[in-house]
Amino acid sequence: MSEDGFLSKVLGKANLNRRSFLKWSAAIGGSNVLVGGIPEGFKHAVPLAYAEEKGRWIPASCWSDCGSKGFNKAYVVNGLPVRQGTDDTIKDKPNRPQLRACAKGRSQRNHLLSASRLKYPMKRKHWEPGGGNKELRGKDEWVRISWDEALDLMAKEMLRIKEKHGNKAFLCVRPGEPTERLMSEFGGYVNGWGEHSGGTYSAAWHMGWGIPFSELENDRLDLENTELFVLWASNPAWSRLGMPMYDMSRYKKNGAKVIVVDPYYSATAQAVADEWIPCRPATDTAMLLGMAYVLINEDDPQNDPLIDWDFLNKYTVGFDKDHMPKGADPKDNFMDYVLGTYDGQPKTPQWASEICGTPPEQIRYLARRIATTNKVSFRMSPAPARVHNADSLPQVVMTLGAMTGHMGKRGEMFGHDWGHSFLAEGYPLLTGGWMLTPTSYVNGKKFENPLASGFKGYFGAFWRTDRFEDEDVWLINYNELWHALNVGEYTAGKNKKRKVDVKMIYHVYNNKMNQFPGTMECIDVHRKVDFVVTQNLFLNPTAQYSDLVLPVQSHWERYGYVRMGYRNQLLWTSQVMKPYFESQSDSWISREVGKRLGLDPDEIIHCSFKQNVFDHVANCKVIKDDASGYEPLVTITNQDMKEFGFEGKPQKGRISVKEFKEKGIYHIERKKGDQFEHIPYKAFIDNPEKNPRNTPSGKFEIHCQSYADYITGCGWDEKSPLAEYVPPLEGYESTFKDWKNKIKGEYPLQQYDLHVLRRVHSTLDNTPWLQEAFLQSFWMNPIDAEKRGILDRDTILIRSKYGKVLRNVTITQLIMPGVVAIGQGAWVNIDEETGIDRGGCSNVLHGSVSTGQGHMGLNSCNVQIEKWKGEPLKYDHQLPPLVPIKEA
Amino acid sequence: MAKQLAFYFDASTCIDCKTCQIACKDKNNNPLGLNYRRVVNYGAGSWIPDAVHKELFIPTNFFAYNVSSACMHCEEPICVEVCPTGAMHKRDDGIVLVDDSKCVGCRLCQQACPYGAPQYNEAKGVMTKCDLCADLLEIGQETACVASCPQRALEVGELADLRKKYGSINAIEPLPKAIYTKPSIVITPHPRSQYSGKGTGKILNPMEV
């Protein structure tokens, strides 16, 4: 390549320093250099490498639990990922779009090649068997130890605890399959239960409407038929970034109108909303009831038809006293509740407005607009359902859908947009792989936690509260978990409290200290128990308060990961780089701990990780062309098995295993109205007698006794079969000490959580590129700020009943007065002197409290805010990375 | 041979997700504090007490949209004009580039450019900027930002072709007016975009830019 060549002219005189990158320490040097994962002097190696073909592209995983999925790949030169890319395996078009990654996925190499990753097993300096000085958890020093020492001491302590206290002394909350297998083989463990993402929707839809998770939405091509979208607290620009937001923009460009209902003028509202209607958090049920009142009150079948009575009479029970389910009190009908016939309080728009902050005229307008527009898709995110006592919310949503008849038809839907790509749009067209666990074993031995007997997997505990009092069921609801462990007693079903005494907490694949409500109580619990172990990539909050920390490999360092994308993509990403320093896989750790516990490791993990990946690949299915069933996706020959080195049976599919591994993604093309169209309930709407709902009445249950019984059975609240407005714990009303005269109380502001683009829950929070791109924010309206003498970027103190947090405020018009918002997932960082969190963790402000169906109530929180008079807080991108252990 | 390569940007679909910013940063291995491409969120709005329901505040005159910009590879690049060493130069295909070997890091281009495109790299002691991923274009690939955008809001092409396809708007707030340097860009405005010089809003994310 000559000096005068094109590349030289473009690139300038680059310092071509061809060092070897096989040693991590060479690649990860000082603070600035490690950020890009590649020394400055090698800047132009990438384009040169293209020209000289020195590296190769490897499909790379982005495994975070965000509301979306994108495809990433890494360009690897000498074992080091030096650049990333996204899906270019196909030509991009709406019927088969490229699965483009987002800023988070594209920052993975900056995330993983980091000085703040865990490199070695570490022990807390002042730990001893039994705990030693437990008060020092969270502030102790770390000592590097060998794997043997770590595993030996862990097993020894586990055996001691088991002998003295039994298996009910072990707490592992959703640790992922490798650890579930270990702990089940060891005799069992206490786990948690509850709904994280879906709020009150999951039980409500299951019981009232008889619909499984994966069938809530119309497919993305069918939504091209929609004329009016009502996006209620739905912000796909942040929460479903990628294909769903791209689709929303497409629908808008094709002529659909969009109304956004949200306390915040969100990025989605900014981009696509024709109208934005603010509504206070935790008050949505009231506003929806106000809308229902308008329709009931103003409906005139002759001159002003607003209600689809045919739909109600044919497909639902419980709307009015003449259409009740068998055995129900005719007074318990929705219409009379809304009209206030028996409780004396008509749920008028004026009544609703006092609660939700939306003018009554606008409530009336929205109701009538929905009722009189032909093809309406009402899509609510689960956020309003993540509110204490919001059990009636989904019932009102469903009822409004039935009243307006916008269900089970092309271009029409009333429901919520589910939070995972593999559950969006309807039944999958491609299946395979694993989700939400480090790995799952296709052909492994069937196992069960002896302390959760009869429950299978994550969804097993749902809707079975009748079993919670059984002696072999030890499941604690996520929301009361930390409080329960603090006081030694949890709710085990209706009217039943059970004593619990956990001695060891084993954190795997989670950050529950940060992400469950009640972080302050959680810290107290962590300073009480005998032994805390965390297995993770980083020294995250749970790790910081542990005795023993074990470094794990990411999906970039393991053989592969098979994972569903949306309905019509399947991903198989591969190993990008060698395991980071001494990190190991969760499966290896489970086997090694198991050995030392006297168990047979082959009973825990039966095969190699690589073999398991191939088992998954062989198991991948694609829908048949006539939609009648599924068939194998991947063609595997005996030659393939020999070359790759795995066992199995040859099979015929649509793509060779070689090509699938190389490309990393398989797409299915669709056409609007094709055989894969998915319209929820369409079969029921077309023929309700032949295709009844999976409910006791066979219809949509606006009055739902089984739902009421379930919630009452959970043990916290009594629920009527009707949708009723219950002022939530820490909603709007609770900001007043005198509601009638509107005198504010001790915590006068409403706080709620936003999912922000700089991280996925608490993952990726420590990624410099993302810290720079997305400010760590706390949003407050100027009206509220002015009252308190607060200016933009001031450090403020946020106080709730449960804890205190410092933030630098962003004063913005974009949020409703009286409402403040925080990006959820920031890592807690308690200042030991003051007890104040400097990290911005929203769960410091939330209490460990369960209501209703034991769902997360994270959007119901009351706070007071004042200007901080102490040392101003630095923004986190100004702080050095959190390095777990200083190299000698 | 191209005459004037240019970006196309669709402000009606950009959501400030900063994927373009990260993709560019990744491809160029830029350090913290240096991003060739940045996204600005621009808008306004206020809360006025309702005339009838005096306890309620009504959102009034709200609008907001985003502008993603890197370098405009201007037809009359002022950065080239002011450069004392000739390091900053414009190629025949319209791309404006820094010749590292000539740049002395005086930063006059940075002061002159109304778009903030040339940025000083402290470690290297020279100016750096978006080079339209000339090396990728050379081997038939798209620029990092264009290929990355999940909203498909960016394109690269011949300026004349982009104008035929999308029109000739080349300045919306908060970008400066086009008369200064004749930026080679075509923009599809957001429904509430404001023409440069006629803005009533402000940059809402100043610390991120």
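When reading the values below, keep in mind they use all heavy atoms of this one structure, side chains included, and skip hydrogens, waters and symmetry mates. Note on naming: letters A, B, ... go to the chains in the order of the sequence lines (proteins, then strands), and numbering restarts at 1 for each one. This structure is a prediction, so every number in the text was calculated from the model and none was measured.
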### Summary
Honestly, the part of Ile15(B) sitting under 4.5 Å from a heavy atom of chain A is both
### Greatest number of heavy atom pairs closer than 4.5 Å to chain B - which of Tyr246(A), Phe774(A), Tyr875(A)
Tyr246(A)
#### Entry: Heavy-atom closest contact (Pro206(B) atom, Arg793(A) atom, distance)
CG-NH2, 3.7 Å
### Task
I would like to know whether Asp88(A) and Gln141(B) meet side chain to side chain donor-acceptor pair (under 3.5 Å); could you show each step before the answer?
CA-CA 10 Å; Asp88(A) 55 7; Gln141(B) 288 186 18; over 6 Å; no
### Message
Report which part of Ile95(B) has an atom under 4.5 Å of a heavy atom belonging to chain A: side chain, backbone, both, or neither.
### Response
neither
### Query
Of the backbone (N, CA, C, O) and the side chain (C-beta and beyond), which part of Gln21(B) lies under 4.5 Å from a heavy atom of chain A, both, or neither?
side chain
### Query
Which distance, rounded to the nearest 0.5 Å, do you find between the CG of Asn30(B) and the CD of Glu772(A)?
9.5 Å
### Message
What part of Asn205(B) gets within 4.5 angstrom of chain A, counting heavy atoms only: side chain, backbone, both, or neither?
### Response
neither
### Task
With rounding to the nearest 0.5 Å, note down the distance linking NE2 in His53(B) to OG in Ser353(A).
6.0 Å
### Task
Below 4.5 Å from any heavy atom of chain A, which atoms of Arg192(B) appear? Answer side chain, backbone, both or neither.
side chain
### Message
If I compare all heavy atoms of Ile783(A) with all of Trp47(B), which pair ends up nearest, and what's the gap?
### Response
CD1-CB, 4.0 Å
### Contacting moiety of Ala147(B), where chain A heavy atoms sit under 4.5 Å
backbone
### Between Ala773(A), Ala271(A), Gly85(A), Gly105(A), the one whose heavy-atom pairs under 4.5 Å with chain B are most numerous
Ala773(A)
### Message
For Asp16(B), which atoms come within 4.5 Å of any heavy atom of chain A: side chain, backbone, both, or neither?
### Response
backbone
### Query
Closest heavy-atom contact between Arg109(A) and Asp26(B)?
NE-OD1, 2.5 Å
#### Entry: Pick from Ser777(A), Pro359(A), Ala267(A) with the largest number of heavy-atom pairs that fall under 4.5 Å of chain B
Pro359(A)
### Query
Taking all atoms of both residues into account, what is the closest heavy-atom pair of Leu757(A) and Cys17(B), and its distance?
CD1-CA, 3.6 Å
